[in-house]
Amino acid sequence: MTASPEVERQLERIRTGSVDFVGEDELRPRLAKAIEEGRPLRVKLGMDPSAPDLHVGHTVTLEKLKIFQELGHTPIFLVGDFTARIGDPTGKNKARPALDEEQVKANAVTYVEQVARVLDVERAEIRFNGEWMDALSPTDIVKLCSHYTVARMLERDDFSKRYREGLPISVHEFLYPLVQAYDSVALQADVELGGTDQLFNLLVGREIQRDYGQAPQAVLTHPLLVGTDGKEKMSKSVGNTIGITDAPEEIYGKTMSISDKLMADWVGALSFGRWEDLLPQARSGEDPLGLKKELARRMVARFHGDDAVGSAEGHFQQVIQRGETPDEVPEVELALGGEANLGLLDVLRQTFGLASNGEARRLVSGGAVQVDEGRVDDPKLRLAAGEYLLRAGKRRFARVSLK
RNA sequence: GGAGAGGUACCAAAGCGGCCAAAUGGGGCGGACUGUAAAUCCGCUGGUUUUACCUUCGGAGGUUCGAAUCCUCCCCUCUCCA
């Protein structure tokens, strides 16, 4: 078969921004056939609804799914409601706790809503793997297990690592890659997308598909975004995420708080199909502050629209760069409960939702607390009825009225 | 089933009868510095009505004036053997 320009054009876009591309040669004729017969490829991206929010880390592969959509293929967003109940061990040193059904359902709903911000869900398949997994009999599951060996399971990095280090591995964790693989069988996926940490699971999919008499899917992995801490993979449980539903000021501020080095990585990972123009500056390292602001602006615009950019940036300049009080400060009312006044520590704890008065005390003794724009360092201070502007650290503000 | 090792604060890890609210490192939170950062430096990091008291060292009991430390039972993890 001669390579058609259209096939090569599509492959080029598909390849952009990916790390591994397994099965490209097998995909080429399938792609050609797909184009010829007007029968789109089925492209699978699965996510476990293990946390209620998607973050920018998720958007890397989502973006690739969108590219497939733009090329006329069928994006399948697979919500791993069943797999979330198993708990994916990938990249963890511990088994991830399985979630209960209710939690999973609630998360799944918000996932789909959030995916709609990136993908045209009207023209996508949204599926749940509980659909076919719950229908399997124990016999079916045992059969599925028979297609893979323990030795091969232990090839997976986090398994072998834990095994070597004497950390526990539960048997059910071996089920995860197999279930994910079976999803590809059920969906008859031509392509599956994932992060680089998913490579093993994705490849298991190829083998299992073959065993079930299907042509193996092509596999595309993409870089994992390191979280705002600059150390670990972005993940809700580490708390280093930028959520796509975060407020504009949050998205802007969190983006500004990343290190210059991390910024370059982010631009690299997030650029494909979208922000290539930022790449030269990211590589040269020129004017990092300017580039970071541009990145922050684009992040805000991407998830909240252009209109949100101005105020998010203004907020940042005012509060972080100049250390001033923001225009909008949350208002809190506290009851004195008949007393003449209320201790500062109690006021701080209640207005900022601190865990204890001890935490409030630490903030005060650390010099982080301001009342009406003047630093306070007496933890025994008591506030009488009235209005106060409270600040705790750089970013926490509240206008408190004591009654 | 047998033998051995182990479970300490958010994590890792010391402590092995009183000086232990528990060393140290990481993380986190503050502060200083800065180009927003990073790096660096400093402080804090169980709770309270804070020179004291209360709750904490897998769980439940027990010994003792006193237990993270000793004993008993139980639960969990790892290794080797079967």
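Taking atom P on both nucleotides, G7(B) is separated from A52(B) by 32 Å, rounded to a whole Å. Distance check on atom C1': C53(B) versus A21(B) gives 13 Å, rounded to whole Å. Separation of the P atoms belonging to C16(B) and C20(B) is 12 Å when rounded to the nearest angstrom. Between the P atoms of U69(B) and U24(B), the separation comes to 22 Å (whole Å). Rounded to whole Å, the C1' atom of G28(B) lies 39 Å from the corresponding atom of C73(B). Comparing the same atom, P, in C70(B) and in A14(B) gives a spacing of 15 Å after rounding to whole Å. Nucleotides C75(B) and G26(B) are separated by 30 Å at their C1' atoms, to the nearest Å. Distance noted for atom P between A68(B) and C54(B): 13 Å (whole Å).
Residues Asp197(A) and Lys233(A) are paired through a salt bridge, judged by an N-O separation under 4.0 Å between the basic side chain and the carboxylate.
Relative to the side chain of Leu289(A), the nucleotides G35(B), A37(B), U77(B) differ in distance, and G35(B) lies closest. Between A37(B), C44(B), U79(B), one nucleotide has an atom nearer to the side chain of Tyr163(A) than all others, and that is U79(B). With distances taken from any side-chain atom of Pro168(A) to the nucleotides A38(B), U77(B), G30(B), the minimum falls on U77(B). The side chain of Arg375(A) has G31(B) as its nearest neighbour among G31(B), G28(B), U77(B). Nearest to the side chain of Ala368(A), among G47(B), G30(B), G27(B), sits G30(B). The side chain of Pro288(A) lies closest to G35(B), out of G31(B), U77(B), G35(B).
Across the strands present, C70(B) finds its partner in G62(B); the criterion is a Watson-Crick or G-U wobble pair with both atom distances under 3.5 angstrom. In this entry C33(B) has no Watson-Crick or G-U wobble partner, no candidate having both defining distances under 3.5 Å. The pairing partner recorded for C80(B) is G2(B), the criterion being a Watson-Crick or G-U wobble arrangement whose two distances lie under 3.5 angstrom. Across the strands present, C53(B) finds its partner in G47(B); the criterion is a Watson-Crick or G-U wobble pair with both atom distances under 3.5 angstrom. With a cut-off of 3.5 Å on both Watson-Crick or G-U wobble distances, the partner of A21(B) is given as none.
Atom CG in Leu363(A) sits about 7 Å away from atom P in G30(B), given to the nearest Å. Atom C1' of nucleotide A37(B) and atom CH2 of Trp266(A) are separated by 12 Å, given to the nearest angstrom. Here C44(B) presents its P atom at 16 Å from CD of Glu359(A), a figure rounded to the nearest Å. In this structure, the CG atom of Asp346(A) is 11 Å from the C1' atom of U49(B), given to the nearest Å. Atoms NZ (Lys231(A)) and P (A39(B)) sit 6 Å apart, rounded to a whole Å. Between the P atom of G27(B) and the CG atom of Asn240(A) lies a distance of 13 Å, rounded to the nearest Å. Taking atom CG of residue Leu354(A) and atom P of nucleotide U45(B), one finds them 16 Å apart after rounding to whole Å. Phe397(A) has its CZ atom 12 Å from the P atom of G30(B), to the nearest Å.
With hydrogens and angles ignored, a donor-acceptor pair under 3.5 angstrom links the side chain of Asp260(A) to the base of G35(B).
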- Message: Arg362(A) vs Glu359(A), test: salt bridge (Lys or Arg N to Asp or Glu O under 4.0 Å). Steps then yes/no.
- Response: CA-CA 5 Å; Arg362(A) 275 174 235 133; Glu359(A) 195 179 333; 5.2 Å; no
- Message: Assess the residue pair Arg123(A) and Asp120(A) against the criterion (salt bridge (Lys or Arg N to Asp or Glu O under 4.0 Å)); give the C-alpha distance rounded to whole Å, side-chain angles, the decisive distance to 0.1 Å, and a yes or no.
- Response: CA-CA 6 Å; Arg123(A) 298 192 298 119; Asp120(A) 177 2; 3.0 Å; yes
- Just do the ring pair (Phe, Tyr, Trp, His ring centres under 6.0 Å) check on Phe200(A) and Phe159(A) with the steps written out, would you? CA-CA 11 Å; Phe200(A) 180 92; Phe159(A) 286 147; 7.1 Å; no
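Residue contacts for Asn357(A): at a heavy-atom cut-off of 4.0 Å it reaches the sugar-phosphate backbone alone, with no base atom in range. Lys261(A) comes within 4.0 angstrom of nothing in the nucleic acid, heavy atoms only. Within the nucleic acid shown, Arg322(A) has no heavy atom closer than 4.0 Å to any nucleic acid atom. Among the protein residues, Arg395(A) comes within range of no part of the nucleic acid, since none of its heavy atoms lies under 4.0 Å from any strand.
Dashed line: the shortest gap from a side-chain N or O of Ser356(A) to OP1 or OP2 of G47(B) is under 4.0 Å. Side-chain nitrogen and oxygen atoms of Lys394(A) include none within less than 4.0 Å of the OP1 or OP2 phosphate oxygen of G30(B). Checking the phosphate oxygens (OP1, OP2) of U45(B), no side-chain nitrogen or oxygen of Arg361(A) falls inside 4.0 Å.
Of the two residues near RNA chain B, Asp229(A) and Asp287(A), the one whose nearest nucleotide lies more 5' is Asp229(A). Where Ile258(A) and Leu345(A) meet RNA chain B, the nucleotide closest to each residue was compared, and Ile258(A) sits on the side nearer the 5' end.
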N/O donor-acceptor pairs under 3.5 Å from side chains in residues 376-385 of chain A, not counting sequence neighbours:
{"from": "Asp378(A)", "atom 1": "OD1", "to": "Lys380(A)", "atom 2": "N", "distance (Å)": "2.9"}
{"from": "Arg382(A)", "atom 1": "NE", "to": "Asn341(A)", "atom 2": "OD1", "distance (Å)": "2.6"}
{"from": "Arg382(A)", "atom 1": "NH2", "to": "Asn341(A)", "atom 2": "O", "distance (Å)": "3.4"}

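A perpendicular orientation is assigned to the rings of Tyr212(A) and Tyr182(A), their planes being inclined by more than 60° (bins at 30° and 60°).
A cation-pi arrangement is found for Arg302(A) relative to Trp275(A), the charged atom lying closer than 6.0 Å to the ring centre and inside a 45° cone about the ring normal.
Phe174(A) has its ring centre no less than 6.0 Å from the ring centre of Tyr148(A).
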